[in-house]
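Encoded as structure tokens, the structure appears first; notes follow it.
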Amino acid sequence: MDLNKILLVLKREYLTRVRTKAFILSTLLTPLVFIAFLAIVVFVTISDNEVKKTVGVIDETGVLFERLIEIDSLRYQDVSYLSIDTVRANVLAGEIDGYVILSNSFIDSSESPTLVYGGSGGLSFIDSIQDNLREVVREERLSRSQVSPEVREIFESRPRLKSVKLTEEGEEEDNAVFGAAFGFILGLLIFIGVFGYGALLMRGVIEEKTNRIVEVIASSIKPIELMLGKLFGILALAVTQFGVWIASYIGLSILAAPVAAMIVEAQMRNLPEEARSAAASEAFDPSALEQFIVEPSIFLYFFLFFFIGFLIYAGIFAAIGSAVDSEQDTQQFMLPVMAPIMIGYFLNLRVMENPDSTISTIASLFPLTAPINMISRIAATEVPFWQIGLSLLLMIGTFAGLMWLAAKIYRVGILMYGKKPSYKELAKWIKQG
Amino acid sequence: MVIIKVENVTKAFGSNIAVNDVSFEVEKGRIFGLLGPNGAGKTTTIRMINNILAPDSGQITINGHIASPLTQKMIGYMPEERGLYKKMKVGEQLLYLTQLKGMKTSEAKKAIDFWLERFEASDWKKKELGELSKGMSQKIQFIATIAHNPDIYIFDEPFSGLDPINSETLKEVIIELKNQGKTILFSTHRMEQVEQMCDDICLFNRGKAVLQGSLREVKASFGENTINLEFEGDGSFLDKLTDVRINNRSTNFAEIRVLNGQSMQDILKLAMEHAEIHKFERVQPSLNEIFISTVGEDNIKNEEA
């Protein structure tokens, strides 16, 4: 084999495609869409409390309104001095968004007060008022029962569950949920990459065949050189695209937390002094974004598994392309390629739910599903090194075997026109080669 | 000097023997015509010479080397079904194809510019092939075949589908290359081009080389057994002739091949009785006649056997 010629083919495949509008747009727009998505999430979380709704309170107890003001001075208005009809008129006129009558029985017997509101309510609005009322009533009852400050503290404390992961290196912060989701996305990306770029390769082979240029090329280089050049050219294209995506992900994940913190801080400054502490406790915590930062080694594994995974399937895609005259004719041959890759995709859901189960382990070792499922496991859990090694070995062996078969079909196929071959004929071609 | 040597080559696809024990030699600096009906094995033979297919048995040598990636560089090949990348710019496309033939980038660029100039196609360099007309892309295809300056040029059915202007240009280029001492092999079933251009021929039928040699010798070996007859009047007398084969028949002309020792004088007499004779000429058979009679007889023999 002549490496220079393979490189020439590779260069052509890569350069003619990397310059196309479709490639540039899909490569650059995807991170932008991702940024936009993140920004929307942050924006929505931050600006959740921005639309201030006001609630009129007719306080018959004489104590609850004070406590409500302490929680949120902007939301609650004392309307006890107005007649009920006026209050209702105000609600209908939109001057206040609703009113609530707090009677003594609310404190004494837990009778539920009624929130009367006009216009749009909104679940979070109603929920937060309910929360506020619960809190003030509980505090009022506690103080009326004259419970000790210790008991009060018990009520005010809100214990949370914190999780840390134990590894050889010691304890480390870990987010199992995020890891599993991230692994699923990486597996999905490999699925899309193998399938999308495999199909691109196949279309390229069909194009050369229907253009009839393949015979000119076959008079200059060996079919296997052409096939390998095309295959690695497309692979380079895929790696370029994923590289841009991953680089922008790494950049974003590192920048997200500090940038969000700045935005939150700027917003805080706009709030009146007394509302800040209240807003701060409710508002979105920018440091939560730090969990999106992942270990760089995971991306190395990603590329490794994509690389070999693509090579396993690409040979078959190229062979199918060589065997037919048009894209419509590919369907009967697609099933054997589609089946394992789809199984890998569906198993990926199971892997995400339970990365250490037997089925996950098998799926991540079986060479046709390993490219998708092993990367999901690596992201989600601690995979023993021997499993990663075994999986890679099996994949490389499968790649070599399938490539050998594919090259034989390809050699004969690219010069065959006319009738769509059957599987029996493909077997004959393999024997011929 | 023999530059292409095909020795006892056989190639089968399954049960179909496409090329059956074929041998011929192409001399350097000559134009060699590969003739034969469709399916005779011409394209398969050409593909083996180009090292696209490997023979099942026998051997092909180019310039003394067995067909291999090395010999591929010595050949410029234009297949019967022509094609290029539609979405690639003409200049880049030619550079790619020329580099694949092993030419260095700087040399390749020079050669491409030279030929684009020669074909008055320099303006198309930056255009995608898909934007060009059929005639224009045919010119680009010639350039792709010849730009790497090989010693041997192989054209499979080069004149099929060419417009008359490109047909003429290609003929000129072939003669020009021959004058530079290059060797040209082409296959065709258009006999007038072979008569005009070829030095040597090899006639294929059913996978076998049934007739070969220099054009002059081949024609001479058939003898002067053909009549070119020009006449005026009712031509129906021609139907009464026996032991002849009539080619190129029109209202006032017929090319009559005399078979089985039929007397030419009798034919002349019969003709004079029915029409006014303008010309009665005894000639060597046309290549067309040679083609039809050789292939026809060969096929009859095969059917009997």
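For the numbers below, each heavy atom of this structure counts, side chains included, while hydrogens, waters and symmetry mates do not. Proteins come first, then strands; the chains are lettered A, B, ... in the order of their sequence lines, and each starts at number 1.
The heavy-atom pair separating B/I60 from B/I49 by the smallest distance is CD1-N, 3.9 Å. Closest non-hydrogen pair, B/P150 versus B/G76, comes out as CG-N, 3.5 Å.
With a 4.5 angstrom heavy-atom cutoff, B/L53 touches chain A only via side-chain atoms. If you measure heavy-atom distances from A/L415 to chain B, the contacts under 4.5 Å come from both the backbone and the side chain. Residue contact with chain B, scored on non-hydrogen atoms closer than 4.5 Å, involves the backbone and the side chain of A/V9 alike.
Applying the side chain to side chain contact (heavy atoms under 4.5 Å, CB included) criterion to B/P158, with sequence neighbours excluded, gives B/M78, B/F155, B/L170, B/F186. Taking the side chain to side chain contact (heavy atoms under 4.5 Å, CB included) definition, one finds that A/F195 meets it with A/F317, A/M338, A/I341, sequence neighbours left out.
Each of A/W245, A/F242, A/Y313 was compared with A/F306 under the ring-ring contact (aromatic ring centres under 6.0 Å, His included) criterion, and only A/F242 meets it.
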Enumerate the inter-chain donor-acceptor pairs under 3.5 Å for chain A and chain B, one line per pair.
from   : atom 1 : to     : atom 2 : distance (Å)
A/R19  : NH2    : B/E92  : OE1    : 3.2
A/E208 : OE2    : B/Y85  : OH     : 2.4
A/N211 : OD1    : B/K86  : NZ     : 3.2
A/N211 : ND2    : B/L84  : O      : 3.3
A/E215 : OE1    : B/R47  : NH2    : 3.0
A/E215 : OE2    : B/R47  : NE     : 2.9
A/E215 : OE2    : B/Y77  : OH     : 2.5
A/A218 : O      : B/Q72  : NE2    : 3.2
A/S219 : O      : B/K101 : NZ     : 2.7

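Ring planes of A/F305 and A/Y301: tilted class, angle from 30 to 60°.
Among pairs with a residue in residues 30-57 of chain B, those fulfilling ring-ring contact (aromatic ring centres under 6.0 Å, His included) read B/F24-B/F32, at least two apart in sequence or across chains.
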